[in-house]
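Quick caveat: nothing in here was measured; it's all calculated off a predicted structure.
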Amino acid sequence: QLQLVESGGGLVHNRGSLRLSCVASGSISGIYPMAWFRQAPGKQRELVAGISSGGSPNYPDYMQGRFTISRENAKNTVFLEMPSLKPEDSAVYYCFFEMPGGYWGQGTQVSVSS
């Protein structure tokens with residue numbers, strides 16, 4: 001069994017910043033790609049950033065240059081640096097671990113006030 005626990009969400013003002021963390025624990029059989037997704041009320045879950053097992057980041061076009069994903073393999077942890085947040089970034093942010101079967105965290109709420 002594998003568990004993912006996200007942390008670092010919260011309420012910030014417009015242009016504020018947050019750093020999300022996600023720690024994987026349990027039956028981990030190697031180093032796998034990880035990713036951050038988000039889901040706002042009434043919207044589909046969308047990819048925010050991904051990172052390969054080797055540490056290469058990838059971002060969807062709409063997120064280029066805004067957030068930074070990184071990982072620390074020794075601690076099975078992935079991070080998401082989010083500077084200059086906007087109200088439209090408000091959502092529940094989920095960590096995804098790409099081990100066979102796919103695993104999701106429980107999510108952490110990010111709220112940005114205008």
To the nearest 0.5 Å, atom SG of C22 lies from atom CD of E6 at 5.0 Å
Could you see if W36 belongs to whatever hydrophobic cluster contains M63? Use Ile, Leu, Val, Met, Phe, Trp, Tyr and a side-chain cutoff under 4.5 Å. yes
- Message: Is there a path of hydrophobic side-chain contacts, each under 4.5 Å between heavy atoms of I/L/V/M/F/W/Y residues, joining L18 to V5?
- Response: no
*Counting distance only, does the side-chain N/O of T77 pair as donor-acceptor with the main-chain N or O of K75 below 3.5 Å?*
yes
For S90 and A40, the nearest pair of non-hydrogen atoms, with its separation, is O-CB, 3.7 Å
Self-check item: Worked verdict on S29 versus M99 for side-chain contact (heavy atoms from CB on, under 4.5 Å)
Solution: CA-CA 8 Å; S29 58; M99 201 168 79; 3.6 Å; yes
**Item:** Student check: side-chain heavy atoms of N14 and L85 closer than 4.5 Å
**Value:** no
Shortest non-hydrogen pair, D89 vs V110, comes out as O-CG1, 4.3 Å
Going by chain and number, the hydrophobic cluster around F37 (ILVMFWY, side chain to side chain under 4.5 Å) further includes L47, V92, Y94, F96, W104
Practice task
Could you label the plane-to-plane angle of the F67 and Y93 rings as parallel, tilted or perpendicular, counting under 30° as parallel and over 60° as perpendicular?
Solution key: tilted
Item checked: Side chain proximity check, V78 to C95, heavy atoms < 4.5 angstrom -> yes
For the backbone of G9 and the side chain of T108, can you confirm whether one donor and one acceptor N or O come within less than 3.5 Å of each other? yes
Are V23 and L2 linked, directly or through intermediate hydrophobic residues, by side-chain heavy-atom contacts shorter than 4.5 Å (ILVMFWY only)?
no
Query raised in the report: Hey, does the side chain of E98 reach the backbone of G102 with a donor-acceptor pair shorter than 3.5 angstrom?
Result: no
Rounding to 0.5 Å, atoms CE (M34) and CZ (F79) come to a distance of 10.0 Å
Tell me if the CD atom of Q44 is crowded by more than 12 foreign heavy atoms within 6.0 Å.
no
Rounding to 0.5 Å, atoms OG (S25) and CD (Q1) come to a distance of 10.0 Å
Between the CD atom in E72 and the OG atom in S21, the distance rounded to the nearest 0.5 Å is 9.5 Å
Tightest non-hydrogen contact, residues P83 and E81, listed as CD-O, 3.5 Å
Q. Tell me, do R45 and R38 make a side-chain contact under 4.5 Å, heavy atoms counted?
A. no
Requested in this report: Decide yes or no for R66 and Y59: does some side-chain heavy atom of the first lie under 4.5 Å from some side-chain heavy atom of the second?
Outcome: no
Looking only at heavy atoms, the pair that brings P100 and Y32 closest together is CD-CE2, 3.6 Å
Interatomic distance, CZ@R19 vs OG@S7, rounded to 0.5 Å, equals 9.5 Å
Output for pair (I69 CD1, N58 CG), nearest 0.5 Å, gives 7.5 Å
Residues S53 and R71: closest non-hydrogen pair is CA-NH1, 3.5 Å
